[in-house]
Amino acid sequence: MQNQGIAISMVYPIMKTLVHKGYDFDDFFKYAMFNKALLDDVEARITGKEFEQLILRAAAYTKDDYFGLHQGQIMDIADMGILGYVMLHSNTIEDALIAYQRYNVILCSGFNLDWEDQDDKVFIRLFSDGAETLSHHCVEDMASSLYRLFRTLSNKPIKLHALHFTHPSPCNMDPHLSFFGITPTFNSKENILCMSKEVLTYKVLYSDPKLLATFEAIAQENKDDLIKSELFTAEVLKWMKKCIPSYLPCLEETAKAFSISTRTLQNKLKAEATSYNDLATNVRKELAMNYLRKPEYSVAEVAYLLHYSEPSVFHHAFKKWTGKTPGQYRASLQDTVPVTPRLLSKRENLLD
């Protein structure tokens, strides 16, 4: 499977860390030139490079050379979404690790782990599947969050026998010693946590076989959806969504973005039973429904965000899609479970 990048939900731990440090994440997004509108789409993904840059900018913004380390120290199961809940209800720590290996692509394709045991110790290796070298913030975030996760799941103290990082040593290693209980070895060949092999057999305190089956089914469905998203159509849709609200790309612009001719673009889409016009319509429809769930946007504003020449044209198109006018659709949401509070609840959790 191709590298599917990073789930947009992985930006939330960065936001949470900023809030814990007393910073406003909206101001940070302006500083980092990050399009926060991406957070409105729960299925959005960013590249590993974009994620790395965001963490590096967060470290620069907060002037914290240990930003990744500190972020991992406040990681919660909820930060890992469905993968976290699969691990939470696994039987043992080793089962939780197996679940991480199997479903980690849902959160951060390209960042993974493996492990091997030697005598009475287990060596857990953190690595990137891609050619890019992980920043020390990402590596230390992975290491500290994993170490915290083991202790949380087992409700037991866990002693590290060794900790190796490939990046250079910082001036002050006290923050590492304080959290991990040992001083890491830097400039190593690999990123490795070494602990007693017995840790793998520790029972997960919250294990529930019924809930595990439920969450695993959802995780597998999400993983399967990612595999399907390798279709060329999915790549074009993703690119078109990134272009809006700046502009709605035409057929020629889309072909140029993928370095192919318009005829090749049309043929590739036709092979997947769709067309450029169908994709443009689907993107507008999906974004329109998302915007209309947000009371801060007027119907006229939604029309212009989606690059309709007049609100009346948007009204006509929306009614053709749904059988309702934008106003009727918005009113009908009051009788259903709203989407906006779900996003807001995540933001409110940042203050906990």
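Along the sequence shown, the residues carry numbers beginning at 1.
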Can you see which heavy atom on [X] is nearest to which on [Y], and at what distance?
X: Glu301; Y: Glu296; result: OE1-O, 3.6 Å
X: Lys16; Y: Ile74; result: NZ-O, 2.9 Å
X: Met87; Y: Ala99; result: CG-CB, 4.3 Å
X: Ser154; Y: Phe150; result: OG-O, 2.8 Å
X: Asp27; Y: Asp24; result: N-OD1, 3.0 Å
X: Leu237; Y: Val283; result: CD2-CG2, 3.4 Å

Tell me whether [X] contacts the main-chain N or O of [Y] through its side chain, where contact means a donor paired with an acceptor under 3.5 Å.
X: Lys159; Y: Gly181; value: no
X: Ser207; Y: Ser90; value: yes
X: His89; Y: Tyr206; value: yes
X: Arg330; Y: Leu292; value: yes
X: Asn172; Y: Asp174; value: yes
X: Asn104; Y: Gln101; value: no
X: His137; Y: Gly68; value: yes
X: Ser145; Y: Met142; value: yes
X: Lys21; Y: Asp64; value: no
X: Ser144; Y: Leu69; value: yes

Indicate, with yes or no, if [Y] and [X] share a hydrophobic cluster defined by side-chain heavy-atom contacts under 4.5 Å among Ile, Leu, Val, Met, Phe, Trp and Tyr.
X: Leu200; Y: Phe123; value: no
X: Leu56; Y: Ile46; value: no
X: Leu205; Y: Val199; value: yes
X: Leu177; Y: Phe180; value: no

Inset, instruction - May I ask you to check if Arg148 and Phe179 form a cation-pi contact, with NZ or CZ under 6.0 angstrom from the six-membered ring centre and within 45° of the axis? - result: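 No; the conditions do not both hold, so Arg148 does not lie above the ring face of Phe179.
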
Inset, instruction - Could you tell me whether Lys36 sits above the aromatic face of Phe29, with NZ or CZ closer than 6.0 angstrom to the six-membered ring centre and within 45 degrees of the axis? - result: no

Working to the nearest 0.5 Å, report the span between [atom1] of [X] and [atom2] of [Y].
X: Met15; Y: Asp79; atom1: CE; atom2: CG; answer: 11.5 Å
X: Leu160; Y: Lys121; atom1: CG; atom2: NZ; answer: 12.5 Å
X: Leu88; Y: Leu211; atom1: CG; atom2: CG; answer: 8.5 Å
X: Ile93; Y: Ile158; atom1: CD1; atom2: CD1; answer: 6.0 Å
X: Leu306; Y: Arg284; atom1: CG; atom2: CZ; answer: 6.5 Å
X: Ser261; Y: Asn267; atom1: OG; atom2: CG; answer: 7.5 Å

Heavy-atom side-chain proximity of [X] to [Y] below 4.5 angstrom:
X: Ile55; Y: Ile14; result: yes
X: Lys285; Y: Met289; result: yes
X: Ile8; Y: Val42; result: no
X: Phe215; Y: Leu83; result: no
X: Leu212; Y: Val86; result: yes
X: Val299; Y: His315; result: yes
X: Trp115; Y: Leu193; result: no
X: Leu146; Y: Leu126; result: yes

Inset, instruction - Please work out which of the three classes, parallel, tilted or perpendicular, describes the rings of Phe314 and Tyr308, given edges at 30° and 60°. - result: tilted

Around [X], counting heavy atoms of other residues, nucleotides and ligands shown, do more than 12 lie under 6.0 Å from its [atom1]?
X: Glu286; atom1: CD; value: yes
X: Glu43; atom1: CD; value: no
X: Lys197; atom1: NZ; value: no
X: His316; atom1: NE2; value: no

Inset, instruction - Would you kindly say whether Asp95 and Thr92 are connected by a side-chain donor-acceptor distance under 3.5 Å? - result: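 Asp95 vs Thr92: donor-acceptor pair found between side chains.
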
Legend entry - Trace of the side chain to side chain donor-acceptor pair (under 3.5 Å) decision for Asp224 with Gln220: CA-CA 6 Å; Asp224 291 343; Gln220 187 61 52; 3.0 Å; yes

Inset, instruction - Go through the steps for Leu149 and Tyr100 under the test side-chain contact (heavy atoms from CB on, under 4.5 Å), then give the verdict. - result: CA-CA 11 Å; Leu149 186 65; Tyr100 185 96; 5.6 Å; no

Legend entry - Pair Leu269-Ser275, side-chain contact (heavy atoms from CB on, under 4.5 Å): steps then yes or no: CA-CA 5 Å; Leu269 294 177; Ser275 68; 5.6 Å; no

Legend entry - side-chain contact (heavy atoms from CB on, under 4.5 Å), paired with Asn191, selected from Val139, Ile124, Leu113, Leu163: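 Among Val139, Ile124, Leu113, Leu163, the one meeting side-chain contact (heavy atoms from CB on, under 4.5 Å) with Asn191 is Val139.
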
Inset, instruction - State yes or no: are the ring centers of Tyr329 and Phe318 separated by less than 6.0 Å? - result: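 Ring centres of Phe318 and Tyr329 closer than 6.0 Å.
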
Legend entry - Distance flag, aromatic centroids of Tyr66 and His176, threshold under 6.0 Å: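 Yes - the distance between ring centres of His176 and Tyr66 falls below the 6.0 Å cut-off.
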
Inset, instruction - Begin with the C-alpha distance, continue with both residues' side-chain angles, and end with the deciding distance and a verdict on side-chain contact (heavy atoms from CB on, under 4.5 Å) for Leu153 and Ile77. - result: CA-CA 9 Å; Leu153 292 177; Ile77 290 293; 4.1 Å; yes

Legend entry - Qualifying residue, where the test is ring-ring contact (aromatic ring centres under 6.0 Å, His included) with Tyr23 and the options are Phe28, Tyr61, Tyr31: Tyr61

Kindly list each side-chain donor-acceptor pair under 3.5 angstrom involving residues 246-253, sequence neighbours excluded, with atom names and distances?
| residue | atom | partner | partner atom | Å |
| --- | --- | --- | --- | --- |
| Glu253 | OE1 | Cys250 | N | 2.9 |

Inset, instruction - Verify side-chain contact (heavy atoms from CB on, under 4.5 Å) between Phe34 and Arg57, making sure each step is shown before the conclusion. - result: CA-CA 10 Å; Phe34 175 77; Arg57 287 168 184 162; over 6 Å; no

Legend entry - His167: ring-ring contact (aromatic ring centres under 6.0 Å, His included) partners, not counting sequence neighbours: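 By the ring-ring contact (aromatic ring centres under 6.0 Å, His included) rule, His167 matches His136, Phe165, Phe186.
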
Legend entry - All pairs passing ring pair (Phe, Tyr, Trp, His ring centres under 6.0 Å) where residues 266-292 contributes a residue, at least two apart: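 Residue pairs with at least one partner in residues 266-292: Tyr291-Tyr297.
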
